[in-house]
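The structure appears right after this line, and notes come after that.
Letters A, B, ... are given to chains in the order of the sequence lines, protein chains preceding strands, and every chain is numbered from 1. All values derive from a computational prediction rather than experimental measurement.
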2 protein chains.
Amino acid sequence: MNRLLTTLILAGSASLAQADMATRAVDYHIDGEVFQGLLVYDDSVTAPRPGLLMVPNWMGVTENAAKKAWRAAGSDYVVFIADMYGRHIRPADAAQAGAAAGAVKGDTELMRTRVNAALEVFRQEAAELLDTSRMGAIGFCFGGTSVLELARSGTALSSVVSFHGNLDTGLPAQPGAVKSPVLVLHGADDPYVPPQQVADFEAEMRNAGTDDWQLLSFGGAVHSFTDPTANLPGQAMYDARVADRAFRQMRLFFAETMALPVPDTSR
Amino acid sequence: MNRLLTTLILAGSASLAQADMATRAVDYHIDGEVFQGLLVYDDSVTAPRPGLLMVPNWMGVTENAAKKAWRAAGSDYVVFIADMYGRHIRPADAAQAGAAAGAVKGDTELMRTRVNAALEVFRQEAAELLDTSRMGAIGFCFGGTSVLELARSGTALSSVVSFHGNLDTGLPAQPGAVKSPVLVLHGADDPYVPPQQVADFEAEMRNAGTDDWQLLSFGGAVHSFTDPTANLPGQAMYDARVADRAFRQMRLFFAETMALPVPDTSR
């Protein structure tokens, strides 16, 4: 096991520093291509825990993504950060990230294949850590879109949560396809997820025949509201209050859908 | 103190029966007219508690409203159920309720006067029970509309929650007017609160310059989803899962906005 991200712990808050974040890089293959995801978990915990497949934002598998995983999961969940691009594609800036994410988002079948493959790798590679009766998925921006495709593709999880993800799709969910409870956390002023896209998503869910979805709009929030590095006013901005609210919502949703103890929502 | 509603306790769930619900009718006057609201609280608790002004649905101050207050508040809050009609107007059926509610909803200034007057009566009549630094308002259907008018009128509370309330208004909130955090709990398929009304509400909040609002849409839910007696498919229907989720959301919101301990969201 590697401890590549020990500095994250040192830089973290007191509550994070008390726990013991471990990371383990996991190579895997899809159709002959090699990918590398990252397991993130507290290795001082021995009991099986619920698992969260996490699809990061368009920057992919980065230290920031590991921090996000740790913030979301702490010691309570095991997280696997999916690689949606391939091991040799590691965007260095927004332009490269846009190109990499665009190529996947533009091919919905490819997106579904990759997100489902990552879930399968997670189940296998973390088998000794996981309570596989409690598996969820979370995603941020591009990753939010990705986990919604997981739901649309018919994969049955305890819960799927999109944080400021795009809600459009190349393959709208077919009737009966959605088998996972879905929570969409949305910035009401997100210019990349305009009202028509929200309306289309709601219509898609109705048409798919599921009623276990919720969409929470946060006033004043734009894209990337959980990302501390986002700093484009009116477009993509960190919002500390909304980020706190969004992570509390995630934990409350997991508590219900995974039948977990009441969460410490003060986190 | 009257114990008019003791039967409610006997009919309630085990957890309700363990607590001690008391009710006290309170007469008050607005512009020479007499009104009668109802305090609902656990009188075995002696410490000051947060207060919730509750505006009931169009049936007004009824036993069902007291049950709703008790479900929402239990032993953790003191509730005052506002009388929006006057003591001598007690609707016996939907037609009478529609007439009574319509008369108030059609006169936004009147609605604001009555809901603010009830809040003031609550503060005075329950002074010995209340932690007045923690005051919220909740409302159901017509009552949701009423508590949103409280927010629009500039009244500063810790939190305002509308359950399946109409979101339109005769007097849109002016810039700077909204001083209370707002949570709107909405049925995504509510035929009485259509998408355009939701969009108009969001635009109104933006124009008012507040960003402390949230709107949660519940898939598959129509009007009156918290009302166990609602039974009009496609229009107004009880939805046990959505009702549970809505009350958990309310408690989570109060926990944050009133700086209360983490709620027992298993309720």
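- Contact check for B:R251 versus B:Y77: side-chain heavy atoms found under the 4.5 Å cut-off.
- For the set A:A221, A:G219, A:G220, the entry with the most heavy-atom pairs within less than 4.5 Å of chain B is A:G219.
- Looking at A:V40 and A:M21, their side chains come closer than 4.5 Å, going by heavy atoms from C-beta outward.
- Side-chain polar atoms of A:D212 and A:T210 form no donor-acceptor pair below 3.5 angstrom.
- For the pair A:K68 and A:F140, the cation sits on the ring face: its NZ or CZ lies under 6.0 Å from the ring centre, inside 45° of the axis.
- Between A:L252 and B:R245 there is no side-chain heavy-atom pair separated by less than 4.5 Å.
- Using a 4.5 Å cut-off between non-hydrogen atoms, the part of residues 170-204 of chain B that approaches chain A consists of B:A188, B:D189, B:E202.
- Proximity of a side-chain donor or acceptor of A:T145 to a complementary backbone N or O of A:N166 within less than 3.5 Å is detected.
- The line from CZ of A:F253 to CZ of B:R248 is 10.5 Å long, rounded to the nearest 0.5 Å.
- Of the two parts of A:D239, neither the backbone nor the side chain holds a non-hydrogen atom closer than 4.5 Å to a non-hydrogen atom of chain B.
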